[in-house]
Amino acid sequence: MKTKKKEITIMNTRLTKTIMGSLLFACGLVSLVAAGMASNIAPADNAETAQCSPHTLRGSYLFATHGWNIIGGVAVPKAIVEGIDFNGDGTLVSPFATVSINGNIIHSSGSVGSYTIEADCTGTLTFTGGASFDIFVEPTGKQLWMIQTGPAAAPAVFEGTVTRVSPAVSK
């Protein structure tokens, strides 16, 4: 009986490692493909001189994706649909979010954060007291791609696309 239990534990460990390795490989491959596709995107005008800045992101965007939190070495599924309002000045607010972590639903609103964008359209995004991401922004600001990079105490395999759904209203 003890041998059988040990065999099952070994098989479960091998299965978990195989699944995790496959998931990490798949996420890496998706990220490489997305980066490759993003590098082929060019704005309609001035493709050679296109530069990004915090002003590139203005308006309401929708972030809808899924991935995994890593808890005790085990991948726990996570999905999110979140609104993000970029103010064009390096600040943002999330008016709503619905997150599912292993089937547990969490609703939130009013989260604030900040972002940076370099001239080459790469940057960072951080929710105050929460997750941080590396980002790549399409030069017209219609889309951006995010991959979670922190916090280190809560590792995750989480990346996705953010799409503008409403432009900023001129003031």
Side-chain angles (χ1 to χ4, degrees), residues 22-70 75 77-101 106-152 154-171:
S22 297
L23 292 174
L24 290 172
F25 175 77
C27 287
L29 187 59
V30 167
S31 296
L32 285 173
V33 169
M37 288 174 54
S39 67
N40 292 328
I41 296 173
D45 299 315
N46 302 323
E48 295 298 318
T49 60
Q51 290 192 354
C52 291
S53 72
H55 190 71
T56 305
L57 295 179
R58 293 178 54 235
S60 296
Y61 291 71
L62 186 67
F63 181 42
T65 192
H66 63 277
W68 300 268
N69 285 339
I70 310 302
K78 169 170 75 171
I80 188 168
V81 174
E82 176 177 29
I84 303 174
D85 292 341
F86 289 95
N87 298 320
D89 62 359
T91 64
L92 62 89
V93 65
S94 172
F96 67 88
T98 301
V99 180
S100 173
I101 299 176
I106 302 164
H107 298 277
S108 67
S109 63
S111 298
V112 296
S114 61
Y115 63 96
T116 63
I117 302 176
E118 302 299 323
D120 67 357
C121 300
T122 61
T124 61
L125 182 150
T126 302
F127 288 99
T128 304
S132 57
F133 298 83
D134 281 348
I135 63 175
F136 174 82
V137 180
E138 192 271 328
T140 66
K142 291 181 182 176
Q143 278 190 319
L144 62 143
W145 294 265
M146 300 181 9
I147 185 164
Q148 188 170 342
T149 57
V157 179
F158 198 61
E159 62 81 31
T161 303
V162 185
T163 304
R164 184 168 53 210
V165 293
S166 176
V169 177
S170 299
K171 296 180 182 179

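As a basis for the values below, the full set of heavy atoms in this structure was taken, side chains included, without hydrogen atoms, waters or symmetry mates. Predicted model, so just to flag it, every value in this text is computed and none were measured.
- Residues passing the side chain to side chain donor-acceptor pair (under 3.5 Å) test with S114: none are found, sequence neighbours excluded.
- Ring-plane geometry between F86 and Y115 is classed as perpendicular, the angle between the planes exceeding 60 degrees on a 0 to 90 degree scale with a lower cut at 30.
- No side-chain donor-acceptor contact under 3.5 Å links T98 to the backbone of V81.
- A distance of 12.0 Å separates NZ in K78 from NE2 in H66, rounded to the nearest 0.5 Å.
- Taking T122 as the reference, D120 meet the side chain to side chain donor-acceptor pair (under 3.5 Å) condition, with sequence neighbours excluded.
- The aromatic rings of F63 and F133 lie perpendicular to each other, with more than 60° between the two planes, well past the 30° mark.
- Residues L62 and F96 form a side-chain contact, since some pair of their non-hydrogen atoms from C-beta on lies under 4.5 Å apart.
- The backbone N or O of E159 sits less than 3.5 Å from a side-chain atom of T65, completing a donor-acceptor pair.
- Counting only residues at least two apart or in different chains, side-chain hydrogen bond (donor to acceptor under 3.5 Å, both in side chains) contacts with residues 81-90 comprise S60-D85, E82-S94, N87-T91, D89-T91.
- Put simply, CD1 on I147 and CD1 on I135 are 13.0 Å apart, with the number rounded to the nearest 0.5 Å.
- With contacts defined as side-chain heavy-atom distances shorter than 4.5 Å, the pair V99/I80 qualifies.
- Between L92 and F127 the shortest side-chain heavy-atom distance falls below 4.5 Å.
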